[in-house]
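Each chain gets a letter, A, B and so on, in the order the sequences are listed, and its residues count up from 1.
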2 protein chains.
Amino acid sequence: MTQEQFAKYSFLLDRTARKVKQYAQQQFKLGEFDVTVDQWLVMKNLSENGPLSQTELAGLVFKDHPTLTRIVDLLSKKGYVERVPHPLDRRSFQLHLTEEGLSKVSALRPKILEIREKAWENLNEKDFEEFKRILNTIYQNLDGQVLEE
Amino acid sequence: MTQEQFAKYSFLLDRTARKVKQYAQQQFKLGEFDVTVDQWLVMKNLSENGPLSQTELAGLVFKDHPTLTRIVDLLSKKGYVERVPHPLDRRSFQLHLTEEGLSKVSALRPKILEIREKAWENLNEKDFEEFKRILNTIYQNLDGQVLEE
DNA sequence: TACAAATAATTAGTGTGACAAATATATGAA
DNA sequence: TTCATATATTTGTCACACTAATTATTTGTA
């Protein structure tokens, strides 16, 4: 394995990740979902684990704080998410989905699961395991931290 | 394999790709390379395949035209790349590295190859093959086009 | 108690990614 | 030759990523 190869794999990884996101975003647009792929990720996590502070949520979706602030701003403008002052810590908010946000999640979830499926055609169970293992190895090589299942 | 799993893999792919880019960018900054990861990709391709039109270069680095225009703008401001009018087609440019750009590439290439290596520790030859195959399968699933080796 | 250090969130600035539309030029068919 | 169509590049807009700096508040320690 030459060093040149490593650079090629980095390129391939980047290109594929962008393709997956781009495809999903196109389908989101076709379906008039009214949210972006990243906004969806935030709403989905809130629906499953909320209410959460922004710091907690940023950790879950692996986004930095400025990015999350802006995503929450957008979702808040759209009326899907609300910032509620934390009762004990005035620096912090509890984020939760509004009624509208909840019904949005219910409506979109099955459609999005279906969209996500497309990328993984022509791959089998063993491929997924390998893929997950390799991705996690790469992540840990650069992060030094342990990942949960 | 449940649909939920596909969504998780999509997330994992995105997160890992961002980590790889983030790590490289941090090292670029530490080393005061004076270019971003994407700018480097453009310069590297120009040094290996140039001179090229923007359309040709965009295809090689898998970026859309507006993005490439802006990257070339920045590299041009930094004095690493020059737009030379195409002798036969006045719509088009031939891009080439300047003297400064060439020496930049020579200076950075070995350092960057070393940085790129880090992500792939703890993986073996067979892993790379699998990884490449799976990434290409995903790409083709969403693109419908055939990829070259 | 007082005050330095830590934490939660935001703002600002730059770069990149996607998409649509605009501009300039080239090409091919009537 | 002319004109519709295609091609190369740019511009504009919105969203996301990363860094650094800022604001407001809390916590730990002298």
* What is the distance, rounded to the nearest whole Å, between atom CZ of A/Phe28 and atom P of D/dC16? -> 11 Å

* Asked: Ignoring hydrogens and angles, does a donor from either the side chain of B/Arg91 or the base of D/dT9 sit under 3.5 Å from an acceptor on the other?
  -> no

* Answer with base, sugar-phosphate or nothing: what part of the nucleic acid does A/Gln26 contact at a heavy-atom distance below 4.0 Å? => sugar-phosphate

* Once you round it to whole Å, what is the distance between P of D/dA8 and CZ of B/Arg83? -> 15 Å

* Between B/Gln27 and B/Lys118, does any side-chain donor sit less than 3.5 Å from a side-chain acceptor? -> no

* **Any A/Gln25 side-chain nitrogen or oxygen under 4.0 Å from OP1 or OP2 of C/dG17** => no

* To do: Choose from D/dT26, C/dT11, D/dC18 the nucleotide whose nearest atom is closest to any side-chain atom of A/Arg90.
  => D/dT26

* Is the CD atom of A/Gln26 crowded by more than 12 outside heavy atoms at less than 6.0 Å? -> yes

* Under 6.0 Å from the CD atom of B/Glu121, do we count more than 12 heavy atoms belonging to anything else shown? -> yes

* **Between C1' of C/dA6 and CG of A/Asp89, the distance in whole Å** => 12 Å

* Strand-adjacent residues in residues 57-66 of chain B, judged by heavy atoms under 4.0 Å from DNA chain C -> B/Lys63, B/Asp64, B/Pro66

* Structure fact -> Of the listed C/dG17, C/dC19, C/dT10, the closest approach to the A/Phe93 side chain comes from C/dT10

* To do: For atom CD of A/Glu99, decide whether the heavy atoms of other residues, nucleotides or ligands shown that lie under 6.0 angstrom number more than 12.
  => no

* Asked: Between A/Phe6 and B/Phe128, what is the ring plane arrangement, given parallel below 30°, perpendicular above 60°, and tilted in between?
  -> perpendicular

* **For A/Lys19 against B/Phe62, the heavy-atom pair lying closest together** => CD-CZ, 4.4 Å

* When you check the phosphate oxygens OP1 and OP2 of C/dT16, does a side-chain N or O of B/Thr67 lie under 4.0 Å from one of them? -> no

* Asked: Heavy atoms under 4.0 Å, any strand shown: does B/Ile71 hit a base, just sugar-phosphate, or nothing?
  -> sugar-phosphate

* Asked: What is the nucleic acid contact for B/Ser92, judged by heavy atoms within less than 4.0 Å: base, sugar-phosphate only, or nothing?
  -> sugar-phosphate

* **Separation of atom NZ in B/Lys77 from atom C1' in C/dT14, rounded to whole Å** => 11 Å

* Asked: Which pair of heavy atoms, one from B/Val35 and one from B/Leu108, lies closest together, and at what distance?
  -> CG2-CD1, 3.9 Å

* **Quiz item: A/Arg70 side-chain donor-acceptor pair to C/dA12 base, under 3.5 Å** => yes

* So, is B/Gln54 close to the D/dT10 phosphate, meaning a side-chain N or O under 4.0 Å from OP1 or OP2? -> yes

* Ring centroid separation B/Tyr9 to A/Phe131 under 6.0 Å -> no

* What's the OH-C1' distance between B/Tyr23 and D/dA17, to the nearest Å? -> 19 Å

* Structure fact -> To the nearest angstrom, the NZ-C1' distance between A/Lys21 and D/dC14 comes to 13 Å

* To do: Take B/Val20 and A/Asp14 through the side chain to side chain contact (heavy atoms under 4.5 Å, CB included) test and state the conclusion after the steps.
  => CA-CA 8 Å; B/Val20 168; A/Asp14 181 65; over 6 Å; no

* Tell me what A/Thr55 touches on the nucleic acid: a base, only sugar-phosphate, or nothing, going by heavy atoms under 4.0 Å. => sugar-phosphate

* Structure fact -> Residues in residues 29-43 of chain B with a heavy atom under 4.0 Å of DNA chain C, by number, are B/Thr36, B/Asp38, B/Gln39

* State whether A/Lys19 places a side-chain N or O below 4.0 Å from either non-bridging phosphate oxygen (OP1 or OP2) of C/dA18. => no

* Asked: In terms of the nearest nucleotide of DNA chain C, which residue is placed more toward the 5' end: A/Arg18 or A/Thr69?
  -> A/Thr69

* Asked: To the nearest angstrom, how far is A/Gln22 atom CD from D/dC16 atom C1'?
  -> 15 Å

* Closest heavy-atom pair and its distance - A/Leu95, A/Arg83 -> CD2-CG, 3.5 Å

* **With B/Thr16, the side chain to side chain contact (heavy atoms under 4.5 Å, CB included) member among A/Thr137, A/Asn136, A/Leu142, A/Ile138** => A/Ile138

* **Nearest-angstrom distance from the residue atom CG of B/Asp73 to C1' of D/dG12** => 14 Å

* With heavy atoms under 4.0 Å as the rule, sort A/Leu68 into base, sugar-phosphate or nothing. => nothing

